[in-house]
Amino acid sequence: MLGRADTLAVMRIATWNVNSIRSRADRVLAFLERSGTDVLAIQETKCRDDQFPALPFELAGYEVAHVGLSQWNGVALLSRVGIEGVEVGFPDQPGFGDPLVREARAIGATCGGVRVWSLYVPNGRVLDDPHYHYKLEWLARLRDAAEGWLEADPTLQAALMGDWNIAPLDTDVWDPALFAGRTHVSPAEREAFAAFARAGWTEVTREHLPEPGKYTYWDYTQLRFPRNEGMRIDLAYATPALAARVTAVEIDRNERKGKGASDHVPVILDLADDAA
DNA sequence: ATGGTGGAAAGTCCA
């Protein structure tokens with residue numbers, strides 16, 4: 001159940017691919033209320049900025065930053081601990097298509113002293129598809145940016161959280177044999193993911209939830225959720241200074257239940273007091 | 001039974 005945070009937890013930051021904010025606003029509000037989440041990184045809002053239902057969140061005490069260009073993609077940050085220095089896209093974020101469009105897949109802001117990025121990594125579709133090469137390039141440029149941020153300030157508290165569309169381990173999919181030759185598990189994608197760790201970042205959900213079968217996504221079809229045939233693709237890299245503050249990580253599996261659920265569930269980080 | 005889910009420029013794309 002939620003709300004297990006011990007008394008040391010002074011801030012909760014979470015990530016959630018909501019698969020349309022307009023069809024899920026009530027569920028998001030209910031989640032914020034029961035979990036006590038202070039900062040929520042949202043992916044797949046599936047709307048333009050002028051369509052984002054900001055009012056109910058503002059009435060609940062959250063400030064909103066969103067970027068959405070069309071009915072696809074769309075990322076947002078909700079924060080009740082301030083939202084400063086909003087940045088749409090990361091430096092050298094690749095575009096896609098002709099003409100090149102810098103899709104709405106990354107938004108960052110400083111919330112309660114933590115630089116939080118809401119990320120929606122390109123899906124890739126199938127190996128060798130143009131979307132697959134775009135995905136790898138997108139991850140490489142993000143890694144470069146992340147390395148630069150940490151080099152510029154080794155004490156930086158920052159999180160790269162979202163839907164990475166990568167299952168880093170074989171245990172992050174219910175049937176590795178079924179995924180052979182597909183995206184999300186290819187060596188190139190896993191290498192692109194591992195590169196962030198070599199740049200000094202720590203994937204904190206793994207650190208605190210190392211057990212297999214801790215999925216964050218289940219396809220809507222084929223009774224995937226009741227059978228717990230899921231994938232672990234919603235992850236959070238943290239800088240050393242932030243990773244040191246993470247006391248617990250929780251996957252809100254219950255959020256996948258019932259009518260009107262997203263196919264992803266929230267992943268929550270509990271942060272201890274800032275010792276610095 | 002040629003679907004099986006669900007969301008989005010509404011017809012078809014996306015995951």
Side-chain angles (χ1 to χ4, degrees), chain A residues 15-31 41-54 56 66-76 94-106 118-139 161-168 172-175 178-186 189 192-193 215-235 251-267:
Chain A
T15 182
W16 188 8
N17 179 325
V18 299
N19 185 21
S20 165
I21 189 63
R22 285 177 289 175
S23 68
R24 217 80 64 206
D26 290 349
R27 271 192 181 251
V28 174
L29 270 170
F31 164 74
I42 297 174
Q43 302 85 40
E44 279 210 271
T45 60
K46 287 187 167 178
C47 68
R48 298 185 308 266
D49 291 346
D50 62 287
Q51 298 172 308
F52 191 98
H66 173 255
V67 58
L69 308 177
S70 67
Q71 75 273 45
W72 309 127
N73 313 310
V75 285
F96 187 82
D98 182 16
L100 276 179
V101 174
R102 194 193 221 198
E103 296 177 318
R105 295 179 176 276
S118 178
L119 304 170
Y120 181 43
V121 176
N123 176 284
R125 302 193 179 181
V126 293
L127 299 187
D128 254 353
D129 189 282
H131 291 86
Y132 177 75
H133 298 290
Y134 168 52
K135 178 181 195 174
L136 294 177
E137 177 70 8
W138 200 94
L139 287 162
M161 57 203 317
D163 177 357
W164 289 76
N165 271 316
I166 296 173
D172 294 333
V173 297
W174 80 93
D175 182 358
L178 188 65
F179 280 79
R182 292 202 207 170
T183 62
H184 294 62
V185 300
S186 73
E189 287 163 275
F193 187 77
Y215 303 132
T216 64
Y217 161 88
W218 299 260
D219 195 284
Y220 284 122
T221 67
Q222 318 261 156
L223 298 173
R224 291 299 186 212
F225 181 63
R227 299 177 187 205
N228 197 29
E229 295 174 345
M231 302 172 72
R232 183 168 178 169
I233 54 178
D234 298 275
L235 307 156
I251 295 171
D252 185 11
R253 190 179 188 283
N254 286 333
E255 178 52 47
R256 186 63 177 79
K257 297 177 179 174
K259 196 172 170 60
S262 171
D263 42 2
H264 296 249
V265 294
V267 180

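Naming: A, B, ... by sequence-line order, numbering from 1 per chain. Remember, it's a predicted structure, so these values are computed and weren't measured experimentally.
A distance-only check finds a donor-acceptor pair linking the side chain of A:Lys135 to the backbone of A:Asn165 [under 3.5 Å]. One N or O on the side chain of A:Trp16 and one on the backbone of A:His264 form a donor-acceptor pair closer than 3.5 Å. The backbone N or O of A:Glu44 sits nowhere less than 3.5 Å from a side-chain atom of A:Asn73 that would complete a donor-acceptor pair.
Atom C1' of nucleotide B:dA15 and atom CZ of A:Arg182 are separated by 13 Å, given to the nearest angstrom. B:dG6 atom P lies 10 Å from atom CZ of A:Arg24, rounded to whole Å. Whole-Å rounding puts the A:Gln51 CD to B:dA9 P distance at 6 Å. Taking atom CD of A:Gln222 as the reference point, atom P of B:dG6 lies 13 Å away to the nearest angstrom. Rounded to whole angstrom, the span from the CD1 atom of A:Ile166 across to the C1' atom of B:dA15 amounts to 16 Å. Going from atom CG of A:Asp219 over to atom C1' of B:dG4 covers 10 Å, rounded to whole Å.
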Return the polar atom pairs (N/O with N/O) between nucleotides 10-14 of chain B and the protein under 3.5 Å, or none.
residue	atom	partner	partner atom	Å
B:dC14	OP1	A:Arg125	NH2	3.1
B:dC14	OP2	A:Arg125	NH1	3.3
B:dC14	O5'	A:Arg125	NH2	3.0

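Judged by closest nucleotide on DNA chain B, A:Ser23 is the one of A:Tyr217 and A:Ser23 placed further toward the 5' end.
Nearest heavy atom pair, residue A:Arg105 against residue A:Pro122, reads NH1-CA, 3.3 Å. Closest non-hydrogen pair, A:Gly124 versus A:Asp129, comes out as O-CB, 3.8 Å. Nearest heavy atom pair, residue A:Tyr220 against residue A:Asn19, reads OH-ND2, 3.0 Å.
With P as the reference atom, B:dC14 and B:dA9 are 15 Å apart, rounded to whole Å. Spacing of P atoms, B:dA1 relative to B:dG6, comes out at 24 Å, to the nearest Å. With both ends at atom C1', the span from B:dG4 to B:dA10 equals 23 Å, rounded to whole Å. Here the separation of B:dT2 from B:dG11, taken at their P atoms, is 24 Å to the nearest Å.
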How far apart are the C-alpha atoms of A:Val265 and A:Lys257, what are their side-chain angles, what is the distance that settles it, and do they pass the side-chain contact (heavy atoms from CB on, under 4.5 Å) test? CA-CA 10 Å; A:Val265 294; A:Lys257 297 177 179 174; over 6 Å; no
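Contact check, A:Ser20 against B:dA8: a side-chain N or O comes under 4.0 Å of OP1 or OP2.
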